[in-house]
Number of protein chains: 2
Amino acid sequence: MDDIDRMLIDLLQEDATQSYAVLGRAVGLSSGAAHERVRKLRERGVIRRTTIEVDQAALGRAVTAYVLVEGSTWMGDSAGRLSAIPEIEEAHVIAGPASVLLKVRTAGTRELQDVLRRVFEVDGVTGTQAVVVLETFFERTLK
Amino acid sequence: MDDIDRMLIDLLQEDATQSYAVLGRAVGLSSGAAHERVRKLRERGVIRRTTIEVDQAALGRAVTAYVLVEGSTWMGDSAGRLSAIPEIEEAHVIAGPASVLLKVRTAGTRELQDVLRRVFEVDGVTGTQAVVVLETFFERTLK
DNA sequence: GGTGAAATTCTCTTCCT
DNA sequence: AGGAAGAGAATTTCACC
């Protein structure tokens, strides 16, 4: 992991459709060497996958909300139950007033309510607190 | 936006390195037709960009935290000030006890403290409450 | 590790249906 | 809108440094 690897990662986060020739030129390497670097970054898991960023609103998911979930027991085994709810984009165990923090995307507030109901059915959940997003300033990739 | 467009989006979210020939086969179209569909999805902004998913821990960002920011005034103009802090990955205006919710990634808790200090220097900020992530169950793309 | 070039495969335009 | 085909460009491999 040297500076060239970091530059390649930055460039690919910006635009992963660039050719290896262009990437190589940007970091001062040949096409083949840039390709080999990126291949190794993938192999080592630093680059997890190549994907597309989608406009969620355009796909009918207009509401974003964060849900603080309180549990009566250690919820370390709830990952499977939570991942079965397709509207949950992220789930984290947190240090703080609640046990788990979820990021949820739904079509509307009616559907959000339905997700909360399903979260409540997960073992150990004693309460939820939803925080609805009014406006997103930015969601970006870190440099 | 029909079912084929949705299938193409799902396939590309899984793996955006697939050739148009493979994508076309998966949805029952020719390579050229699949290409044209994806081109239009990009043009219309449904597909924002093609990017890579990076293992943040491998890049030295071991700590993830959510920060609830309370403000004394309407913080609708704070986007620029917040985006100048590179450790902030997301910033949302929320309905609820605080005004703004941030997602932050830092190397350690020391650096997190430093980010909180810089957030405090943004006009109108009267308080912050950090929620540190202990374990991430999942961060995924929605189907 | 990196280079340069060859071989293969894919992209993307054009024309036709 | 989709299909077929060809020109041009990219990926990927390999011998050599």
Side-chain angles (χ1 to χ4, degrees), chain A residues 1-62 86 105 107 139-143, chain B residues 1-62 86 105 107 139-143:
Chain A
M1 264 305 272
D2 58 8
D3 284 341
I4 293 182
D5 282 342
R6 269 182 282 274
M7 283 169 72
L8 287 170
I9 288 169
D10 280 356
L11 290 164
L12 287 172
Q13 278 189 330
E14 282 297 321
D15 177 8
T17 67
Q18 292 173 92
S19 74
Y20 290 112
V22 170
L23 290 173
R25 216 168 299 138
V27 303
L29 288 180
S30 70
S31 156
H35 182 256
E36 179 65 7
R37 291 252 188 178
V38 173
R39 194 192 63 71
K40 282 182 184 163
L41 286 168
R42 284 186 208 280
E43 189 181 60
R44 287 162 45 204
V46 178
I47 295 175
R48 289 228 176 87
R49 62 169 167 174
T50 303
T51 185
I52 53 170
E53 246 183 53
V54 174
D55 179 351
Q56 295 297 329
L59 271 152
R61 297 188 190 272
R105 299 220 198 235
E139 290 177 301
R140 66 186 177 188
T141 54
L142 295 181
K143 276 251 159 16
Chain B
M1 266 304 275
D2 58 8
D3 285 340
I4 292 182
D5 282 343
R6 270 181 281 274
M7 284 169 71
L8 288 170
I9 288 169
D10 280 355
L11 291 164
L12 287 171
Q13 278 189 331
E14 283 296 322
D15 177 9
T17 67
Q18 292 171 92
S19 74
Y20 289 111
V22 170
L23 289 172
R25 215 169 301 138
V27 302
L29 288 179
S30 70
S31 155
H35 182 255
E36 180 65 8
R37 291 251 188 179
V38 173
R39 193 192 62 72
K40 282 181 184 163
L41 287 168
R42 284 186 209 280
E43 190 182 60
R44 286 161 45 204
V46 178
I47 296 175
R48 290 227 175 88
R49 64 169 167 175
T50 303
T51 186
I52 54 170
E53 245 182 55
V54 173
D55 179 351
Q56 295 297 329
L59 268 142
R61 297 189 189 273
R105 298 222 198 233
E139 290 177 300
R140 65 186 178 189
T141 54
L142 294 181
K143 276 249 163 3

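Labels below follow one simple rule: chain letters A, B, ... track the order of the sequence lines, proteins then strands, and each chain is numbered from 1.
A side-chain donor-acceptor contact under 3.5 Å links B/Q18 to the backbone of B/L11.
With D/dA10, C/dG2, D/dG3 as the choices, the nucleotide that has an atom nearest any side-chain atom of A/A33 turns out to be C/dG2. Considering only side-chain atoms of A/S31, the nucleotide from D/dG2, C/dT3, D/dT11 that sits closest is D/dT11. Taking every side-chain heavy atom of B/R37 into account, D/dG2 is the closest of C/dG2, D/dA1, D/dG2.
Taking atom CD of residue A/E36 and atom P of nucleotide D/dA10, one finds them 20 Å apart after rounding to whole Å. Rounded to whole Å, the distance from CD on B/Q18 to C1' on C/dT9 is 16 Å. Per the geometry, CD belonging to B/E43 stands 12 Å off P belonging to D/dA1, to the nearest Å. One can place CG of B/L29 at 14 Å from C1' of D/dA4, the figure rounded to the nearest angstrom. Between the CG atom of B/D5 and the C1' atom of D/dA1 there is a distance of 12 Å, rounded to whole Å. Rounded to whole Å, the distance from NE2 on B/H35 to C1' on C/dC10 is 10 Å. Counting to the nearest Å, the P atom of C/dG1 and the CZ atom of A/R39 are 12 Å from each other. One atom, OH of B/Y20, and another, P of C/dT11, lie 7 Å apart when rounded to the nearest Å.
With hydrogens and angles left out, the side-chain atoms of A/R42 and A/T50 include a donor and acceptor closer than 3.5 Å.
Applying the side-chain contact (heavy atoms from CB on, under 4.5 Å) test between A/R37 and each of A/I9, A/L23, A/L29 identifies A/L29 as the sole match.
Smallest separation of non-hydrogen atoms from A/V27 and A/L8: CG1-CD2, 3.9 Å.
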